[in-house]
> 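Please read through the structure below; I'll follow up with questions.
Counting starts at 1 for both ligands and their atoms, following the listed order. Values below: all heavy atoms of this structure, side chains included; hydrogens, waters and symmetry mates excluded.
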Amino acid sequence: MLPDQSGFYGGAMDSVRVRPMREGDLESAERASAVTFLAADRLSRRVGAPEPEPRSAAGSKQWIDRMRFFLTVDPDGCWVADVDGDVVGFAISQNRGRLWYLATYGVLPDHQGKGIGKRLMDAVLAHADGRPGMFSSTVHPGATRRYRLAGFSLHPQMHMVGTVDRSTLPAVTGLREGEIDDLAWMDRLDRDLRGAGHGPDHPYMLNTLRLVVSRAKGRPGYVYLGDRGQAVLLAAAHPRTARDLLWEALASARGDTLVNCVTVANEWAVDVGLAARLDIGQEGYLAVRGMNAPAPYLAGGHFL
Ligand SMILES: CC(C)(COP(=O)(O)OP(=O)(O)OC[C@H]1O[C@@H](n2cnc3c(N)ncnc32)[C@H](O)[C@@H]1OP(=O)(O)O)[C@@H](O)C(=O)NCCC(=O)NCCS
């Protein structure tokens with residue numbers, strides 16, 4: 001679908017307007033996102049898995065903060081569907097150099113299946129303007145249908161969960177805490193692995209996450225760790241560095257941990273997880289278009 005003269009997607013008679021997101025939409029979009037993903041998590045919950053929890057107040061605040069950042073850096077990639085001023089759908093994407101990524105995408109359950117998702121996807125793909133693209137996809141049948149029809153390859157993702165058996169932890173040397181001066185070589189490594197640096201996403205992550213780096217000669221790498229020590233995003237020039245960085249993450253994990261977004265191109269991560277006695281599960285897809293699934297690389301769900 002092409003935008004009309006005012007840049008909106010959808011007919012004038014249509015009560016649903018697909019339009020660029022504005023700062024004032026953030027709270028309404030967050031509410032729509034919390035409801036949409038809670039319902040989707042309930043639908044895809046496996047037998048025996050814990051009941052999905054509503055998003056916490058801290059989670060809502062982080063969502064709004066992250067979307068405000070996306071709106072500031074690349075507003076033209078951020079779209080909402082609104083009915084009488086209330087957000088009923090959203091598609092937040094970003095261009096970073098030659099790479100496009102989809103940060104989040106959803107339509108409220110009682111508005112799904114009416115073509116709103118297609119209109120939002122048309123808008124963000126127009127913004128991509130043919131760039132190679134990457135994002136982490138749920139298993140929602142409407143989502144996967146949309147993505148494959150848009151030319152994305154769906155690489156099944158594994159995750160690994162459990163409590164690390166600390167007796168398996170090897171002695172890892174040559175790592176140190178990362179800092180702002182590391183971001184330039186990290187962007188170069190990103191370009192080698194995924195065609196574009198994270199650019200402004202790195203300082204954002206550095207503010208909110210712990211960064212551990214390796215400057216091993218000829219095989220640099222980095223990992224961002226979440227507040228429970230879990231690996232959130234990992235990139236390395238060589239599987240040996242990637243393994244060291246993942247072991248460091250597992251060593252700093254507190255309680256149950258999670259290693260996410262593991263594609264089959266990253267079996268080095270499966271081997272580390274199994275050695276640490278984590279369990280392998282399967283979750284969603286890494287969707288890529290115009291590029292291979294990166295390796296050695298564990299994509300971050302938010303910044304890819
Ligand atoms: C994915 C999502 C945004 C799509 O929005 P939507 O408004 O329902 O999308 P559309 O109505 O444009 O439909 C998308 C396509 O999938 C199909 N579809 C929609 N819901 C479906 C379902 N439950 N089962 C099977 N197919 C479905 C539609 O028929 C349509 O295909 P078509 O255009 O070839 O007929 C929405 O379903 C959603 O929010 N899902 C839950 C959250 C989620 O998983 N988001 C994706 C994150 S990666």
> Can you confirm if the aromatic rings of Y204 and F69 lie within a centre distance of less than 6.0 Å?
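Distance test on ring centres: under 6.0 Å, yes.
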
> Would Y147 and F135 count as a close aromatic pair, with their ring centres under 6.0 Å?
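Yes, close enough.
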
> Taking only residues two or more places apart in sequence, or in another chain, which ones meet Y222 in a ring-ring contact (aromatic ring centres under 6.0 Å, His included)?
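Checked Y222 against ring-ring contact (aromatic ring centres under 6.0 Å, His included); matches are H202, Y224.
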
> Dump the pairs for me: ligand 1 N or O, protein N or O, distance under 3.5 Å, to 0.1 Å.
residue	atom	partner	partner atom	Å
ligand 1	7 (O)	G117	N	2.8
ligand 1	8 (O)	G113	N	2.8
ligand 1	11 (O)	G113	N	3.3
ligand 1	11 (O)	K114	N	3.1
ligand 1	11 (O)	G115	N	2.7
ligand 1	12 (O)	K118	N	2.8
ligand 1	31 (O)	R145	NE	2.8
ligand 1	33 (O)	R146	NH1	3.3
ligand 1	34 (O)	R145	NE	2.9
ligand 1	34 (O)	R145	NH2	2.8
ligand 1	39 (O)	V107	N	2.8
ligand 1	39 (O)	V107	O	3.3
ligand 1	39 (O)	Q112	NE2	3.4
ligand 1	44 (O)	T138	OG1	2.7
ligand 1	45 (N)	Y105	O	3.0

> Evaluate H127 against D76 for side chain to side chain donor-acceptor pair (under 3.5 Å), listing each step before the verdict.
CA-CA 7 Å; H127 179 61; D76 296 346; 5.1 Å; no

> In chain order, what residues pass the ring-ring contact (aromatic ring centres under 6.0 Å, His included) check against F70, with sequence neighbours excluded?
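F70: ring-ring contact (aromatic ring centres under 6.0 Å, His included) contacts with F303.
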
> For residues 221-249, which residue pairs pass the salt bridge (Lys or Arg N to Asp or Glu O under 4.0 Å) check, not counting sequence neighbours?
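Sorted result for residues 221-249: R210-E248.
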
